[in-house]
Amino acid sequence: MRRIQPTRPQMEILVWISIFLLLFCLSWQFHWHEGLDGFIEQHHGYPLDHALLALNISGFLGLIYSALRIRDLSREVNRRLQAEKNVDWIACHDTLTELPNRRFLDSICAQAMIDQRAQETYAVFSIDLDGFKKVNDLLGHDHGDAVLKTVAQRLSALFPREHVFRLGGDEFVVLARRTGNPDLAALGNRIVSVIGKPFTFNGVAIDLGASVGFALYPENGDDLGQVIRHSDCAMSVAKKQGRDRVKPFVPSMQDDLAKRVRMEGDLRAAIRKAEIVPHYQPLVDLKANKIIGFEALARWKTASGEFIPPSEFIPVAEDAGLIVELTDQLLRRACTDALSWPREIVLSFNLSPIQLSDRLLGLRILKILGDVGLPPHRVELEVTESAIIQDAITARIVLDDLVNAGVRIALDDFGTGYSSLSQLSNYRFDKIKIDRSFVASFETNDKQDKVIKAIIALGAGLGVTITAEGIEEESQRQRLQELGCDIGQGYLLGRPAPIEEIATGHVNTRILQRG
Ligand code: C2E
Ligand code: MG
Ligand code: MG
């Protein structure tokens with residue numbers, strides 16, 4: 001049981017009562033009252049007994065007054081102590097979820113550095129919600145707050161005896177003491193599954209995911225702060241690989257992250273200096289053997305003359321929030337270039353998946369077309385299936401805006417996703433581009449040949465144009481022609497080339513000669 005310690009004002013009252021009792025005992029012991037009686041007798045001419053009575057009464061009243069003052073003082077002190085405690089709590093906690101915050105975590109890290117003798121071992125889990133931004137954007141901040149509170153409750157219930165922190169936004173950290181040899185990957189998967197349970201607020205069902213990274217103290221760092229940074233690094237890697245991933249920290253992740261941070265800086269500078277430009281690869285009508293359009297493919301040539309492929313820098317641009325600026329710049333440039341081509345030549349332009357969850361995308365694209373003066377019917381936008389799956393409702397709104405204005409939509413890399421066919425029944429595409437992985441092996445692989453035949457038949461049935469990507473051999477071109485494929489694209493028909501080569505007719509001539 002806790003011993004109750006007297007407060008300072010109570011102590012003061014005790015001191016006063018003790019003094020009073022001491023004086024009383026002394027007067028009793030040494031018969032001071034007799035001396036006082038004698039003194040009053042000797043001076044009976046003066047009304048000393050009245051004066052003493054008045055003194056007694058005022059002393060007693062003074063005692064009561066002091067007690068009341070001490071009580072008030074005690075209340076005030078308690079109020080201030082409580083207020084100080086509240087300020088401390090607010091400084092170290094997140095007021096929305098009531099979980100401890102980054103400051104609290106920092107103080108634990110600092111304490112762990114001082115207290116190295118404690119020999120505690122920890123597993124640190126860094127957690128970031130997948131799809132949380134969409135909740136805030138589409139359903140509003142009330143729903144976002146409700147989601148965060150529920151996530152906090154679920155994590156606290158999963159780790160009842162450990163510290164769960166909210167570091168800000170949709171980032172959480174769990175600091176779990178390790179005893180024995182727990183299966184941390186399994187624990188990470190449990191975090192993913194508790195967060196993955198559906199949330200329902202005001203009748204709206206919300207589906208979220210979580211990316212989890214974990215690191216061990218002291219194995220993955222000399223101090224706890226460093227281990228937390230490492231688990232955060234593992235979480236970033238998990239996030240980049242998609243939804244609901246759990247990743248343990250491995251030292252090479254730091255190099256990857258540093259490389260990515262460097263690339264992000266370089267990319268920012270390259271966009272500012274407009275160093276990333278579109279190159280154009282011909283789209284050829286396989287029946288008439290003539291160019292009907294060009295696909296714009298982003299090319300980044302660094303100052304050292306090295307080409308960085310779009311598969312490397314487009315994901316970095318998406319992560320760093322640079323994709324809107326980059327796309328606007330590239331599209332404006334491509335549309336301007338397309339103005340110099342014959343009127344029937346179409347410009348095909350790739351959109352990255354993340355962009356289709358931006359409701360203003362359609363308006364921005366149409367504004368660029370309007371500014372440059374390129375008619376919408378000369379533009380075709382290539383989207384991938386994953387782009388449509390990520391946020392089907394917004395993607396549909398954005399695509400409808402564009403289609404209504406006359407822009408055509410192509411389904412790129414067809415056959416590489418897991419729901420390609422369902423995408424075809426959900427949306428009306430103008431074109432399907434068969435992924436080059438099918439074309440690469442279809443001559444030697446009978447099944448691939450049948451798949452391509454079926455896709456071409458499907459296109460004919462749906463009234464959708466079929467393009468085959470990655471044609472590198474003459475025999476591939478001939479076979480696709482025989483199968484009735486409409487359009488072809490690939491190194492055989494023309495590699496991506498800068499606008500200067502397109503403008504001089506270099507590419508065009510090469511293809512016509514082949515025919
Ligand atoms: P994609 O849209 O499927 O583009 C076709 C890719 O196949 C291009 O790669 C092209 O150079 C390559 N290719 C074309 N013919 C052949 C061939 O015969 N053989 C082989 N092996 N490859 C061929 P690239 O330029 O590296 O682009 C890769 C991906 O990056 C593109 O795939 C597209 O998804 C994306 N991308 C390119 N430019 C942009 C852009 O401006 N914006 C966005 N969001 N994505 C872009
Ligand atoms: Mg494409
Ligand atoms: Mg493709």
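Just follow the structure's listing: the first ligand is 1, and inside any ligand the first atom is 1.
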For a distance under 2.8 Å, give residue and atom name for each protein N, O or S atom next to the Mg ion (ligand 3). Asp412 OD1, Asp413 OD1, Glu469 OE1, Glu469 OE2
Numbering as shown, the atoms of ligand 1 that approach [X] to under 4.0 Å (heavy-atom distance):
X      : value
Glu382 : 2 (O)
Leu330 : 41 (O)
Ile471 : 18 (O)

Angle between ring planes, [X] versus [Y], binned at 30° and 60°: parallel, tilted or perpendicular?
X      : Y      : value
Phe125 : Phe159 : tilted
Trp300 : Phe313 : perpendicular
Phe294 : Tyr280 : perpendicular
Phe249 : His230 : parallel

Against Val173, only a single residue in Leu99, Leu105, Leu155 fulfils side-chain contact (heavy atoms from CB on, under 4.5 Å); can you say which? Leu105
Quickly, which of Glu382, Glu380, Glu469 forms a salt bridge (charged side-chain N to carboxylate O under 4.0 Å, His left out) with Lys431? Name it, please.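 Looking at Glu382, Glu380, Glu469, the match for Lys431 under the salt bridge (charged side-chain N to carboxylate O under 4.0 Å, His left out) is Glu380.
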side-chain contact (heavy atoms from CB on, under 4.5 Å) assessment of Glu295 paired with Thr467: CA-CA 12 Å; Glu295 176 174 3; Thr467 300; over 6 Å; no
Geometric N/O contact Ala298 with ligand 1, under 3.5 angstrom: yes
Decide whether an N or O pair under 3.5 Å exists between Ser311 and ligand 1.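 Such a contact does not occur with ligand 1.
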Heavy atoms only: which of [options] is nearest to [atom]?
atom                    : options                        : value
atom 18 (O) of ligand 1 : Tyr491, Phe307, Phe313         : Tyr491
atom 1 (P) of ligand 1  : Ile276, Leu381, Asp412, Thr327 : Asp412
atom 34 (O) of ligand 1 : Val383, Val277, Asn350, Leu331 : Asn350
atom 40 (C) of ligand 1 : Ile323, Asp413, Ile314, Leu351 : Ile314

Just give me the atom name: the N, O or S atom of Glu295 closest to the Mg ion (ligand 2).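 Relative to the Mg ion (ligand 2), the closest nitrogen, oxygen or sulfur of Glu295 carries the name OE2.
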Using a distance threshold of 4.0 Å (strictly less than), state whether [atom] has a protein heavy-atom neighbour.
atom                    : result
atom 29 (C) of ligand 1 : no
atom 9 (O) of ligand 1  : no
atom 32 (O) of ligand 1 : no

Positive for side chain to side chain donor-acceptor pair (under 3.5 Å) with [X], one of [options]:
X      : options                : value
Arg479 : Gln476, Gln481, Glu482 : Glu482
Glu264 : Arg262, Arg268, Arg260 : Arg268
Thr97  : Thr95, Asn101, Asp94   : Asp94

Check step by step if side chain to side chain donor-acceptor pair (under 3.5 Å) holds for Ser211 and Asp130. CA-CA 7 Å; Ser211 298; Asp130 298 327; 2.9 Å; yes
Return the closest protein heavy atom for atom 35 (C) of ligand 1 as residue, atom name and distance. Pro310 CB, 4.4 Å
Which residue and atom name correspond to the protein heavy atom nearest atom 15 (N) of ligand 1, and how close is it?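 The closest heavy atom on the protein side is Gln281 NE2, 3.0 Å.
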Is it the side chain (CB and beyond), the backbone, both or neither of Arg495 that lies under 4.0 Å from ligand 1, heavy atoms counted? neither
What part of Pro496 sits under 4.0 Å from ligand 1 if we count only heavy atoms: the side chain, the backbone, both or neither?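 Contact part for Pro496 vs ligand 1: side chain (C-beta onward).
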Stepwise side-chain contact (heavy atoms from CB on, under 4.5 Å) check, Leu356 with Leu399: CA-CA 8 Å; Leu356 279 197; Leu399 294 182; 4.3 Å; yes
Heavy atoms from other residues, nucleotides or ligands near CZ of Arg243 exceed 12 (cutoff 6.0 Å):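 Buried by this count: over 12 neighbours within 6.0 Å.
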Has the side chain of Arg364 got a donor or acceptor atom that lies under 3.5 Å from a matching backbone atom of Val324?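 Side chain of Arg364 to backbone of Val324, a donor-acceptor pair under 3.5 Å: no, none is there.
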Do any N or O atoms from the side chain of Asp430 and from the backbone of Ile409 form a donor-acceptor pair under 3.5 angstrom?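 Side chain of Asp430 to backbone of Ile409: a pair is present.
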Ligand 1 contacted by [X] (non-hydrogen, < 4.0 Å):
X      : answer
Pro309 : no
Glu295 : yes
Gln489 : no
Arg299 : yes

Kindly indicate, with the supporting measurements, whether the criterion side-chain contact (heavy atoms from CB on, under 4.5 Å) is fulfilled by Gln226 and Asn220. CA-CA 8 Å; Gln226 192 180 40; Asn220 293 139; over 6 Å; no
